[in-house]
Colleague: 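Handing you a structure now.
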There are 2 protein chains.
Amino acid sequence: MTVNRDEILNALVADNLVSDPNGARGRLLREAARLFRDKGYERTTVRDLAAAVGIQSGSLFHHFRTKEEILKAVMVETVRLNTALMRAAADAADTSRARLRAMILAELESIVGQTGEAMAVLVFEWRSLSDAPREEVLALRDIYEQLWLDVLEALKAEGAIEADPFIVRRMLTGALSWTVTWYRPDGGLGLEDLVDQVMAMMRLASR
Amino acid sequence: MTVNRDEILNALVADNLVSDPNGARGRLLREAARLFRDKGYERTTVRDLAAAVGIQSGSLFHHFRTKEEILKAVMVETVRLNTALMRAAADAADTSRARLRAMILAELESIVGQTGEAMAVLVFEWRSLSDAPREEVLALRDIYEQLWLDVLEALKAEGAIEADPFIVRRMLTGALSWTVTWYRPDGGLGLEDLVDQVMAMMRLASR
DNA sequence: CAATACCAAGCAAGCGCTTGGTTTGTAAAC
DNA sequence: GTTTACAAACCAAGCGCTTGCTTGGTATTG
């Protein structure tokens with residue numbers, strides 16, 4: 001990887017697209033992501049959220065107008081960050097096959113790494129968003145998805161994959177995001193190994 | 001398929017392992033599954049559940065002691081039914097490859113078919129179950145999962161797949177259950193086509 | 001001396017669930 | 001073949017609690 005995670009994050013923070021993780025807002029969003037993943041959005045109360053950052057529940061509404069706005073912010077910022085990370089990962093590879101591998105690794109890193117809580121929220125809590133904000137998040141996600149479709153279409157053109165790129169991506173989305181429910185980085189299986197397994201499953205091995 | 005769905009269902013009903021879909025309890029569980037999938041368990045109130053079957057909210061507690069017990073019943077009965085269906089699908093095929101194909105088809109049929117609501121609940125709402133009932137459901141699910149591991153291990157031994165069977169199954173779980181979020185049977189893509197795509201993705205085609 | 005960040009207190013609404021009593025289905029007793 | 005008995009199914013009402021959010025005021029900071 002030529003561009004590292006922190007550089008990308010800082011650039012987004014500078015553009016006000018993502019909250020500074022060290023600021024009050026950023027800290028709250030991180031705790032919110034953790035709570036939303038662990039207990040679900042509905043089971044998490046504003047009192048839980050407030051306690052997690054050490055303030056009174058009413059004080060939350062100085063930073064966010066509603067509880068739902070917190071959920072939306074978690075999702076929006078997560079998509080933005082991951083789109084940037086994914087683009088960087090894709091750009092750094094020079095063959096389609098290497099590009100797919102890099103993207104799978106990047107997505108798994110997001111899922112099991114620091115933004116894992118937020119990624120899980122993105123996967124499991126979209127139903128808790130009401131229509132308008134959901135559409136907003138989905139629109140952002142489309143940009144992210146297009147990065148995947150580009151590389152999968154290239155692989156299809158090369159004959160490296162046989163199935164429809166669109167469907168392959170949807171299957172990959174499910175397969176990779178499902179790892180949040182079972183993969184533990186401290187187990188015997190490293191992240192790179194896991195990527196190898198995914199590539200092997202699609203018979204695209206050759207690390 | 002030599003054994004059809006209704007036969008299997010009736011056998012389970014006769015053994016009291018699954019509620020009669022026409023009975024009061026069965027109807028409630030079906031409506032509960034639909035509501036839980038559409039709005040999530042937490043957002044679904046006992047008043048919603050009662051209204052869906054046309055009774056007062058208090059009357060629910062004549063059939064179930066708590067709201068959580070309804071969720072558990074939905075999950076338990078769904079796993080039981082699908083284990084039976086999956087076993088039948090597996091037994092009817094004679095090669096490992098055909099068996100995997102039959103099982104993928106069976107799982108997709110469960111996901112997009114009549115029990116689809118309940119399957120989605122099983123996937124997305126496990127976090128809403130408290131510890132003890134969750135362990136119970138997971139224990140039942142292990143039986144179901146073993147059916148998959150058996151056929152994947154056979155395929156591995158035959159050299160038809162390259163990756164670890166355990167990991168392949170987890171990837172398949174994610175990929176297939178994720179279809180609930182996007183696949184619509186009335187679109188251009190039929191279920192058999194979708195299975196073909198999955199097999200093609202694993203380079204196991206040859207319908 | 002504003003503006004920002006927070007606290008203490010509490011309100012209105014909605015939640016799961018309980019209660020006491022009525023209707024309905026079923027089958028034995030007469 | 002009507003009556004009696006009784007449990008299962010349900011209703012109407014509401015209790016106690018938690019929820020998201022508001023309000024009016026007080027520190028803190030540049």
Side-chain angles (χ1 to χ4, degrees), chain A residues 13 16 19-75 121 125-134, chain B residues 13 16 19-75 121 125-134:
Chain A
V13 171
N16 245 338
S19 307
D20 183 351
N22 301 317
R25 183 184 157 102
R27 278 207 343 271
L28 171 63
L29 289 181
R30 204 176 54 228
E31 291 299 323
R34 193 178 53 79
L35 285 165
F36 290 165
R37 186 200 54 176
D38 290 348
K39 328 198 330 175
Y41 172 77
E42 307 292 341
R43 287 177 98 93
T44 303
T45 70
V46 293
R47 287 164 180 82
D48 292 334
L49 291 169
V53 291
I55 59 174
Q56 290 295 103
S57 68
S59 308
L60 273 186
F61 296 89
H62 177 73
H63 300 281
F64 295 92
R65 294 213 320 279
T66 63
K67 180 188 170 190
E68 188 182 11
E69 208 171 76
I70 299 175
L71 176 61
K72 181 185 159 188
V74 168
M75 292 185 165
V121 170
E125 304 295 335
W126 50 270
R127 222 178 12 189
S128 294
L129 268 190
S130 44
D131 290 348
R134 172 152 70 224
Chain B
V13 171
N16 247 337
S19 306
D20 182 354
N22 301 317
R25 182 183 157 104
R27 278 204 344 269
L28 171 63
L29 289 181
R30 204 175 54 228
E31 291 299 325
R34 192 178 53 80
L35 284 166
F36 289 164
R37 186 200 54 176
D38 290 347
K39 326 201 327 177
Y41 172 77
E42 307 291 342
R43 286 179 98 93
T44 303
T45 69
V46 294
R47 288 163 179 82
D48 291 334
L49 292 169
V53 291
I55 60 175
Q56 290 295 105
S57 69
S59 307
L60 274 186
F61 297 89
H62 177 72
H63 299 281
F64 296 91
R65 294 214 319 278
T66 65
K67 180 188 170 192
E68 189 183 11
E69 207 172 78
I70 299 176
L71 175 61
K72 181 186 159 189
V74 168
M75 292 185 165
V121 170
E125 304 296 334
W126 51 271
R127 222 179 14 192
S128 294
L129 267 191
S130 44
D131 291 346
R134 174 154 69 222

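Just so we're on the same page: letters track the sequence lines, and every chain starts at 1.
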Colleague: Holding to side chain to side chain contact (heavy atoms under 4.5 Å, CB included), I want the full list of residues that pass it with B/Ser128, two or more places apart in sequence or in another chain.
Modeller: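 Scan of B/Ser128 (side chain to side chain contact (heavy atoms under 4.5 Å, CB included), adjacent residues dropped) gives A/Arg43, B/Tyr41, B/Glu42, B/Leu71, B/Glu125.
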Colleague: Run the side-chain hydrogen bond (donor to acceptor under 3.5 Å, both in side chains) test against B/Asp131 and tell me which residues pass, sequence neighbours left out.
Modeller: B/Arg134
Colleague: What residue pairs, at least two apart or across chains, pass salt bridge (Lys or Arg N to Asp or Glu O under 4.0 Å) with a residue in residues 50-68 of chain B?
Modeller: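 Every salt bridge (Lys or Arg N to Asp or Glu O under 4.0 Å) pair that includes a residue of residues 50-68 of chain B, provided the two are not neighbours, is B/Arg65-B/Glu69.
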Colleague: Got a sec, which pairs hit salt bridge (Lys or Arg N to Asp or Glu O under 4.0 Å) with one end in residues 44-58 of chain A, sequence neighbours left out?
Modeller: A/Lys39-A/Asp48
Colleague: Shortest non-hydrogen contact from A/Leu49 to A/Ile70?
Modeller: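 Looking at all heavy atoms of both residues, the shortest contact is CD1-CD1, 4.0 Å.
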Colleague: Go along nucleotides 9-21 of chain D 5' to 3' and tag each nucleotide: B for a protein heavy atom under 4.0 Å from its base, S when only backbone or sugar atoms are that close, - otherwise.
Modeller: BSBS-B----BBB
Colleague: Please list, chain by chain and in numerical order, all residues satisfying side-chain hydrogen bond (donor to acceptor under 3.5 Å, both in side chains) with A/Arg30, sequence neighbours excluded.
Modeller: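 side-chain hydrogen bond (donor to acceptor under 3.5 Å, both in side chains) list for A/Arg30, sorted by chain: empty.
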Colleague: What are the two closest non-hydrogen atoms of B/Ser19 and B/Arg25, and how far apart are they?
Modeller: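 So the minimum-distance heavy-atom pair works out to OG-NE, 2.9 Å.
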Colleague: With each end axis built from five pairs of C1' atoms, what bend angle do you get for the helix from C/dC1-D/dG30 to C/dC30-D/dG1? Round to 10°.
Modeller: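 End axes: 10° apart.
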